[in-house]
Trainee: 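Let me begin by handing over the structure; questions about it come next.
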Amino acid sequence: MTDFTYALDADGVAVITWDVPGKSMNVMSMEGFAELDGHVDRALADPAVKGVVLTSGKADFAGGMDLNVIAAMRDRGGAQGIFDGVMRMHGVLRKIERAGMDPKTLKGGKPIAAALPGTALGIGLELPLACHRIFAADNPKAKIGLPEILVGIFPGGGGTTRLVRKLGPMVAAPFLLEGKLSDPKAAKAAGLIDEVAGDPLAAAKAWVLAATDADLVKPWDRKDYKMPGGAPYHPAGFMTFVGASAMVNGKTQGVYPAVRALLSAVYEGALVPFDTALRIEARWFTNVLMNPSSGAMIRSLFINKEALEKGANRPKVLDQTVRKLGVLGAGMMGAGIAHVAAMAGIEVVLIDATQAAADKGKAHSAALLEKAISRRKSTPEKKAEVLDRILATTDYAALSGVDLVIEAVFEDMAVKAEVTKRAEAVLPSDAIFATNTSTLPISDLARASARPAQFIGIHFFSPVEKMLLVEIIRGHDTGDLAVAKALDFVRQIRKTPIVVNDARFFYANRCIIPYINEGIRMVAEGVAPALVENAARLVGMPLGPLQLVDETSLDLGVKIARATRVAMGAAYPDSAVDDALFWMVDQGRAGKKANAGFYAYDAAGKREGLWPGLGAQYPQATTQPVVTEVQRRLLMAQVLEAVRALEDGVLTDIREGDVGAVLGWGFAPWSGGPFGWLDILGAARAVAICDDLTVRFGPRFEAPALLRDIAAAGDSFYGRFGGGARQAA
Ligand code: NAD
């Protein structure tokens, strides 16, 4: 395998081209690094070489480090193995940066420039940052940045140390702490790269041939180097570092080990010379890789997310790409679905009961595009193009050429049955019909269909244009073609799919509802609402249960509770929750949309704080539980439901359970998901916690048999089910 090729041009510029065979995007492996090292040695040693340009043979420069390699590095070599590997990488990058110059006089080095044709992420930017000048093509689609933090690690290939020294900690912060990506022009404006050029390779070569000794010396290798914005003991730098620490902890609640390690690497690195700072960066990077959270995050947010997007569980049938989509119901969800489909280049027929309602749905798309234009994320031409793809109508005959229909009409069995029949009357015989229901069983709805094998659930989350997950539900009679169609559609609109079997509330809502209920139940017991909310946030939930139910609305909660009570009869476990929930709705506090819920809101709808009236109805107990107990109740309520979903066969793949939980409702992302959380905790410990909670709070916390079995066997969820789709039962 050759990832890098070497060619010496007649003008004396050696061009090292990165082009990993068999992949559409370059990714770095340890073998790749060794190859690059060899080419750099050769160029530096050859007197005929005046300078070097590093570029890519693909449309993009690189997508980053192969995260599978990082995961393997940890599993194989432990901490010392990771540290040694990272230091070897630093050695190569530092060799490029010093380029053979005399360390005292800083003279005699060979210029090395990077020419980026497109996207350059992670190590794909860290490598250019070690070069002497970075040229990027004028390619507005290219993304440049260091997104490592988003998968639970941080830039550990010198990117942290170099960017902070190049830009100063304040300016570097959004790129390091938030993984902010920029197009080439914005990257140049921010100082990430040096030049945007029509032909970056030619521009880089010209620069290399004209470069002087002084052009090769990085500011931090000069004696008079001062960190932009000030190092930690400079008065201005002091303010930055103290402020950053408080701000970051306020935002993340301290649950992400990578964020803390990054801050430490930056702070400690800023106090010492550059080469020592690289060692410190390598130590913190090793520390993060050894933390189970980083492994769990990489697994769910990168490896498994990508596997699901590439169709890990797609039935092996012919391509089912959607050419024309029908959407029934142009309300909140239907309008959103029409928009994302049209954005993906799919023709859409958007139907509602009246022309005004259909037009209103299309106007939603126009408003979103208008907003994007004002933020310079779209253009009037693009807006016209997208809107042109949406036909808003009341006429079902317009569905005659569609190959997939998604209905998003009222949550009512009879209404849904009626539109199913009307649509099927005009649909081509091989078209697939999908429902976006959130609570009605797919197999029941399929009874209205003349072809239940072509009937499926495609469950979006609100707001459709923002939420990354789509839950696909196989009904009792759903066939493979329908599943493939749904998966291919989700791929087209660039979201992440999970495929689950049909059961009450499918997967996501099945886990979310007990979380909300546990929160409300605690309030009814006299636990301080602020303790409930803060405990949730401190364990990494994006919203506390009370804020979450305010957002989704309490009257929806009442509707669901009523329906569940009817369905479950005497076995219904949530009467205590309903007392509080129903009382709130009786007080007119239906949540955010009513400007009144568990929280108080001002006239403009801004959340002000927990509603004081709650205390009069549910006085706070004099003795409050410790925060970990509240957290255990809130997390176990969700996690046990995920385990039961696996036991019941609703989930068939724990990867889907974890990815779905993090993307669908923001389940403590640092843990990688409910199964990742259980594996970090250890099954035996989880069972002990369940036993304790069961005694004190009731049978809803009883450990499922599967969890007990895994604990007894000394096993883990990923140890047993990690390889992919496998039925638990
Ligand atoms: P909505 O009330 O905003 O929209 C429903 C639309 O359907 C309305 O525009 C209505 O005029 C139209 N409609 C009703 N009967 C019709 C008919 N016979 N023919 C054509 N159009 C008809 O509701 P929504 O929030 O968009 O929810 C729609 C569906 O999506 C429901 O099944 C709901 O359970 C599901 N869902 C909602 C959410 C959410 O957060 N709101 C999330 C996931 C799924």
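All ligand and atom numbering here is 1-based and tracks the order in the structure. Computed from a prediction, not measured in an experiment: that's the story for all the values here. We use all heavy atoms of the structure for the numbers below, so side chains are in, but hydrogens, waters and symmetry mates are not.
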Trainee: For Phe461 and Gly664, work out which heavy atoms get closest and say how close.
Mentor: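 In terms of heavy atoms, the two residues are closest at CD2-O, 4.3 Å.
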Trainee: Atoms of ligand 1 less than 4.0 Å from His459 heavy atoms?
Mentor: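 Counting from 1, the qualifying ligand atoms are 43 (C), 44 (C).
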Trainee: For salt bridge (Lys or Arg N to Asp or Glu O under 4.0 Å), just list the numbers for Asp480 and Arg314, CA-CA rounded to whole Å, side-chain angles, deciding distance to a tenth of an Å, and then say yes or no.
Mentor: CA-CA 8 Å; Asp480 280 355; Arg314 184 184 182 282; over 6 Å; no
Trainee: Looking at non-hydrogen atoms alone, which of Val409, Leu328, Thr437 comes nearest to atom 29 (C) of ligand 1?
Mentor: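 Residue with the shortest heavy-atom distance to the ligand atom: Val409.
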Trainee: Would you say the side chains of Asp488 and Thr321 form a donor-acceptor pair under 3.5 Å?
Mentor: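 Result is no, nothing qualifies.
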Trainee: Would you mind checking if Arg447 and Asp444 are paired as a salt bridge, meaning a charged N to carboxylate O distance below 4.0 Å?
Mentor: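 Salt bridge flag = yes for Arg447 with Asp444.
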Trainee: Which residue holds the protein heavy atom closest to atom 15 (N) of ligand 1, what is that atom called, and what is the gap in Å?
Mentor: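 The answer is Val415 CG1, 3.6 Å.
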Trainee: Can you confirm whether some protein heavy atom lies under 4.0 Å from atom 13 (N) of ligand 1, or whether none does?
Mentor: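 Yes; the ligand atom in question has protein heavy-atom contact below 4.0 Å.
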Trainee: What protein heavy atom is closest to atom 25 (O) of ligand 1, reported as residue, atom name and distance in Å?
Mentor: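 Residue, atom and distance for the closest contact: Met333 CG, 3.9 Å.
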Trainee: What are the atoms of ligand 1, with element, lying closer than 4.0 Å to any heavy atom of Asp352?
Mentor: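 Those atoms are 6 (C), 7 (O), 8 (C), 9 (O), 10 (C), 11 (O), 12 (C), 13 (N), 20 (C), 21 (N), 22 (C).
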Trainee: Tell me which protein heavy atom sits closest to atom 5 (C) of ligand 1, plus the residue, atom name and distance to 0.1 Å.
Mentor: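 In this structure, atom 5 (C) of ligand 1 has Ala408 O, 3.6 Å as its nearest protein heavy atom.
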Trainee: Parallel, tilted or perpendicular: which one describes the rings of Phe717 and Phe721, with boundaries at 30° and 60°?
Mentor: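 Tilted.
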Trainee: So, Arg510 and Asp648, do they make that salt bridge, N to O below 4.0 Å?
Mentor: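 Salt bridge present between Arg510 and Asp648.
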Trainee: Are Lys360 and Asp352 close enough for a salt bridge, meaning some N to O gap below 4.0 Å?
Mentor: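 Judged by the 4.0 Å cut-off on N to carboxylate O distance, Lys360 and Asp352 do not form a salt bridge.
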Trainee: My understanding is that we take every heavy atom of each candidate and find the minimum distance to atom 2 (O) of ligand 1. Doing that for Phe460, Phe410, Phe461, which one comes out nearest?
Mentor: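 Comparing heavy atoms across Phe460, Phe410, Phe461, the nearest one to atom 2 (O) of ligand 1 lies in Phe410.
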Trainee: State the atoms of ligand 1, each with its element, that fall below the 4.0 Å cut-off from a heavy-atom position in Val419.
Mentor: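 So the atoms of ligand 1 that pass are 17 (C), 18 (N), 19 (N).
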Trainee: With Arg474, which of Asn501, Thr652, Val650 fulfils side-chain contact (heavy atoms from CB on, under 4.5 Å)?
Mentor: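 The passing option is Asn501.
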Trainee: What residue and atom, counting heavy atoms only, is the protein's closest point to atom 4 (O) of ligand 1, and at what distance?
Mentor: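 I find the closest protein heavy atom is Gly331 CA, 3.2 Å.
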Trainee: Tell me, which protein residue and heavy-atom name are nearest atom 40 (O) of ligand 1, and how many Å apart are they?
Mentor: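 Of every protein heavy atom, Ser462 CB, 3.3 Å lies nearest to atom 40 (O) of ligand 1.
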Trainee: Looking only at protein heavy atoms, which one is nearest to atom 33 (C) of ligand 1, and what is the separation?
Mentor: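 The closest one turns out to be Glu411 OE1, 3.6 Å.
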Trainee: Taking atom NZ of Lys592 as the centre, does the number of heavy atoms from other residues, nucleotides or ligands within less than 6.0 Å exceed 12?
Mentor: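 Result for NZ/Lys592: open.
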Trainee: Taking the non-hydrogen atoms of Glu407, is any one of them nearer than 4.0 angstrom to ligand 1?
Mentor: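 In this structure, Glu407 fails to qualify as a contact of ligand 1 - no heavy atom is under 4.0 Å.
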Trainee: Could you tell me which atoms of ligand 1, counted from 1 in the order shown, lie closer than 4.0 angstrom to a heavy atom of Lys416?
Mentor: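 Ligand 1 atoms under the 4.0 Å threshold to Lys416: 31 (C), 32 (O).
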Trainee: Judged by modelled atom types alone, do Ser365 and His339 share a side-chain donor-acceptor pair under 3.5 Å?
Mentor: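 A pair is found: one side chain offers a donor N or O, the other an acceptor, under 3.5 Å apart.
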Trainee: For atom 44 (C) of ligand 1, grab the closest protein heavy atom and report residue, atom and distance to one decimal in Å.
Mentor: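 Nearest neighbour among protein heavy atoms for atom 44 (C) of ligand 1, to 0.1 Å: Asn436 O, 3.2 Å.
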Trainee: If you have a sec, work out which protein heavy atom is nearest atom 23 (O) of ligand 1 and how many Å separate them, to one decimal?
Mentor: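 Of every protein heavy atom, Met332 N, 4.6 Å lies nearest to atom 23 (O) of ligand 1.
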Trainee: Show the atoms of ligand 1 that are less than 4.0 angstrom away from any heavy atom in Ala353.
Mentor: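 Taking each heavy atom of Ala353 in turn, ligand 1 has 20 (C), 21 (N) under 4.0 Å.
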Trainee: May I ask you to establish whether Arg451 and Phe433 are in a cation-pi arrangement, using a distance under 6.0 Å from NZ or CZ to the six-membered ring centre and at most 45° from the ring axis?
Mentor: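 No, cation not above the ring by the 6.0 Å, 45° rule.
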